[in-house]
Asks: 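For reference, the structure I am asking about is given below.
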Number of protein chains: 2
Amino acid sequence: MATIKDVAYKAGLSVTTVSRYLNNHPYISEDKKEKIKNAMEALDYVPSALATQLRSNRGTTIGVLVSRLTNPYFAYLVDAIEKKAKEQGYRLLIMQTYGDKQEEINTLDMLKEKTISGLIMCAVENDLDIVESYTKYGSIVVSTQTDYKSDLLHFITTNQEQATYDAINFLIDKGYTGIAYSTGGDFTEQSHGRHRNKGYLKALETSGMDLNERWIFRNNHTIEDGMQIATELSRLNETDRPDAIFAGSDEVAIGIIQKFEELGIHVPSDIAVMGFDNQPFSSLAKIPLTTVAQPMETLGQQAASLIISTIEETEFTVDPSKLQLKIIERESA
Amino acid sequence: MATIKDVAYKAGLSVTTVSRYLNNHPYISEDKKEKIKNAMEALDYVPSALATQLRSNRGTTIGVLVSRLTNPYFAYLVDAIEKKAKEQGYRLLIMQTYGDKQEEINTLDMLKEKTISGLIMCAVENDLDIVESYTKYGSIVVSTQTDYKSDLLHFITTNQEQATYDAINFLIDKGYTGIAYSTGGDFTEQSHGRHRNKGYLKALETSGMDLNERWIFRNNHTIEDGMQIATELSRLNETDRPDAIFAGSDEVAIGIIQKFEELGIHVPSDIAVMGFDNQPFSSLAKIPLTTVAQPMETLGQQAASLIISTIEETEFTVDPSKLQLKIIERESA
DNA sequence: GTGAAAGCGCTAACAT
DNA sequence: ATGTTAGCGCTTTCAC
């Protein structure tokens, strides 16, 4: 592989001049430019990104951390980030945690290694003060809702609490009076999905409804989990049955509907089901899903713009107006 | 950030010894090991992957090129690659082409830059002789079926022709006598999907069926494309209508079915529809899709193992027996 | 077993 | 406008 030295020699110039050419430094005469360009082509030269980074201390790789890529929410997010990053000359290193705290630490360590100049965390497993301590090694953008305040971390999030509040009210406005709730977490103050829980609780309170412990389902993520919920729901005493369920995930919602159908329970007339995410298949299901759409495209774009601006120390202001969640009404509720 | 020099100083040793410790070189006394370990911890030291790569010329990043991540086929593939790569101490740089030849070249150039030590191409846009010319800069694994022969390129592919042949025969065995065909390419010898085309043509020939030009649909990828196909099909003269269509993609198949339903044409009794990919939503559709499942998991695993073995110059033999495509029979055909 | 020193390919003062 | 030179943080002979 040709190096900058070979190019300099071939062009009859010093490496400095070639380096300047590479960095479009001003003050470099046209004829030398021409010579350098020719030499580079003749030698099939491509600068070593490695050496450049080591020396200049500015990298061009952004890390992106997700739970799992096969979740369409993350796939669409990463897709949007990749497009925006490429546009600005950055590349993406993708890491999956699969819910593992240590994997997240390993990824954060890449900031120390200088493998990545910045990290976009689309999911976070460890406490944010741990994450925050890594900001001294590189820029970090967090894209999950949180109450954590920090001058070092950058946030770009949607309002999950408000969206859930709106979704529950949507059901209430449609006349449903008993609304069950499924969450991916354990329904505690620190769990995953705690902001959605708050929205649910607040909506019940606003409408003067009581929380029914038997209508709360925890740690649900998959279609199978949804089927399990439907089974449990169907076993409840007639008088103790909800007439709607907010599933908190399209997969779970689909599972619930599928099982209800098997059991001869009709959606939405017997019981309404509402999802979350508006995944691509949601409109294609047997009973098209009423759900909450997340703005993955703009979320990803803005996350990319934000991390790049912090890396390059330029200005970028997040525009929350484009980060609204939206209720998509179809047939399941 | 602490460097190897700081660690050496703190441990009262030379950088050489510390470097040896880092590379688990033999011949290094236990007490020094202990000292080094302590010094590293005290200084919160993490080696700069950048410097290591520059000096030693062996990197630990693998590039992965896909068309688009939001296609579940690629998402599952990348997921499998990521898991296997992580296991072996490698990271993934993801690039999307969106069908653009130049993007593919840009990605190949990363091999020259030394940004990546190897590249897994899950899709390829340029001619393989161009791709092949890049093997002098790094290992390349190609994961699409091809007739191209090369000692430099590494292939890990499924037999799309055979799978299509089997799928068409599956339809024929079920008694369908007129089988329409949709492809993502333009149905020529060089187009995307040419191996599947061959399988289709061969199956027709084996069964003594004629190719009907009006039953061939080109450049279809999306649900909307599928709907368009259904519309066109419904306009055909009664006597000139196929009783089955092989859609070549689950999205297209879903679109076809959706439109047929609107038009009051019943699947599969009026016309059968078969997809390709077995995407997650395929079993959840209104009419669960009969389709061909691709072995993304093992494909991804083996692609990762293969590229790592070529990077590290160890042995790895692809096991084609685990790379079989499989017909999944559901209700649409 | 351990260390001194050269150098991977590039950038950035500092000169001129 | 162009060149000289000293490193970035690490690995790797070669010497002892």
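To find a chain, count down the sequence lines: A is the first, B the second, and so on, and within it residues start at 1.
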Asks: Testing L153(A), L128(A), T97(A), L65(A) one by one against M121(A) for a side-chain contact (heavy atoms from CB on, under 4.5 Å), which residue passes?
Replies: L65(A)
Asks: Could you identify which residues of residues 30-42 of chain A place a heavy atom less than 4.0 Å from some atom of DNA chain C, listed by residue number, or say none?
Replies: none
Asks: Any salt bridge (charged side-chain N to carboxylate O under 4.0 Å, His left out) pairs touching residues 139-157 of chain B, not counting sequence neighbours?
Replies: D147(B)-K198(B)
Asks: Does I28(B) reach a base, just sugar-phosphate, or nothing at all? Heavy atoms under 4.0 Å.
Replies: sugar-phosphate
Asks: Would you work out how much the helix from dG1(C)-dC16(D) to dT16(C)-dA1(D) bends between its ends, with each end axis defined by five base pairs, to 10 degrees?
Replies: 30°
Asks: What nucleic acid atoms does S19(B) come within less than 4.0 Å of, heavy atoms only: base, sugar-phosphate, or nothing?
Replies: base
Asks: Determine yes or no for a side-chain-to-main-chain donor-acceptor pair under 3.5 angstrom, with Q160(A) supplying the side chain and G193(A) the backbone.
Replies: no
Asks: Using a heavy-atom cut-off of 4.0 Å across all strands, would you classify Y45(B) as base, sugar-phosphate, or nothing?
Replies: sugar-phosphate
Asks: What's the OH-C1' distance between Y21(B) and dT11(D), to the nearest Å?
Replies: 18 Å
Asks: Taking only nitrogen or oxygen atoms into account, show me every contact under 3.5 Å that the protein makes with nucleotides 4-7 of chain D, one pair per line with its distance.
Replies:
| from | atom 1 | to | atom 2 | distance (Å) |
| --- | --- | --- | --- | --- |
| dT4(D) | O4 | T16(A) | OG1 | 2.7 |
| dG7(D) | N2 | R55(A) | NE | 3.2 |
| dG7(D) | N2 | R55(A) | NH1 | 2.6 |
| dG7(D) | N3 | R55(A) | NH1 | 2.8 |

Asks: Name every donor-acceptor pair, under 3.5 Å, that has one atom in a side chain of residues 37-46 of chain B and the other anywhere in the protein, sequence neighbours excluded.
Replies:
| from | atom 1 | to | atom 2 | distance (Å) |
| --- | --- | --- | --- | --- |
| D44(B) | OD1 | K112(A) | NZ | 2.7 |
| D44(B) | OD2 | K112(A) | NZ | 3.4 |
| D44(B) | OD2 | Y137(A) | OH | 2.5 |

Asks: With a non-hydrogen cut-off below 4.0 angstrom, is L50(A) in contact with a base, only sugar-phosphate, or nothing?
Replies: nothing
Asks: Please name the residue in the list T298(B), V318(B), V142(B) that meets the side-chain contact (heavy atoms from CB on, under 4.5 Å) test with I156(B).
Replies: V318(B)
Asks: Could you list the donor-acceptor pairs under 3.5 angstrom formed by side chains in residues 47-54 of chain B, with sequence neighbours left out?
Replies:
| from | atom 1 | to | atom 2 | distance (Å) |
| --- | --- | --- | --- | --- |
| S48(B) | OG | L50(B) | N | 3.4 |
| S48(B) | OG | A51(B) | N | 3.1 |
| T52(B) | OG1 | S48(B) | O | 3.0 |

Asks: Tell me whether the side-chain N/O atoms of R58(A) come closer than 4.0 Å to OP1 or OP2 in dC8(D).
Replies: no
Asks: Can you list the residues that meet the side chain to side chain donor-acceptor pair (under 3.5 Å) rule with R20(A), with sequence neighbours excluded?
Replies: none
Asks: Counting N and O atoms only, with roles assigned by atom type, does the side chain of N71(A) sit under 3.5 Å from a partner on the main chain of S67(A), one being a donor and the other an acceptor?
Replies: no
Asks: With heavy atoms under 4.0 Å as the rule, sort N57(A) into base, sugar-phosphate or nothing.
Replies: nothing
Asks: Donor-acceptor check, side chain of T144(B) to backbone of A123(B), threshold 3.5 angstrom: yes or no?
Replies: no
Asks: For residues 114-135 of chain B, which residue pairs qualify under salt bridge (charged side-chain N to carboxylate O under 4.0 Å, His left out), counting only residues two or more places apart or in two chains?
Replies: none
Asks: Taking salt bridge (Lys or Arg N to Asp or Glu O under 4.0 Å) as the definition, give me every residue that meets it alongside D100(B), ordered by chain and number, with sequence neighbours left out.
Replies: none
Asks: If we ignore hydrogens and angles and just use 3.5 Å, is the side chain of Q145(A) paired with the main-chain N or O of T157(A) as donor and acceptor?
Replies: no
Asks: Atom NZ of K114(B) to atom P of dC10(D): distance rounded to whole Å?
Replies: 20 Å
Asks: Can you tell me how far P of dC10(D) sits from CG of L22(B), to the nearest Å?
Replies: 7 Å
Asks: Just to verify, what does Q96(B) make a side chain to side chain donor-acceptor pair (under 3.5 Å) with, not counting sequence neighbours?
Replies: D79(A), E82(A)
Asks: Please state how far atom CG in L13(A) lies from atom C1' in dA1(D), giving the value in whole angstrom units.
Replies: 11 Å
Asks: Apply side chain to side chain donor-acceptor pair (under 3.5 Å) to T107(B) and list each qualifying residue two or more places apart in sequence or on a separate chain.
Replies: none
Asks: Please identify the 5'-most and 3'-most nucleotides of DNA chain C with any atom under 4.0 angstrom from a heavy atom of chain A.
Replies: dG9(C) to dC14(C)
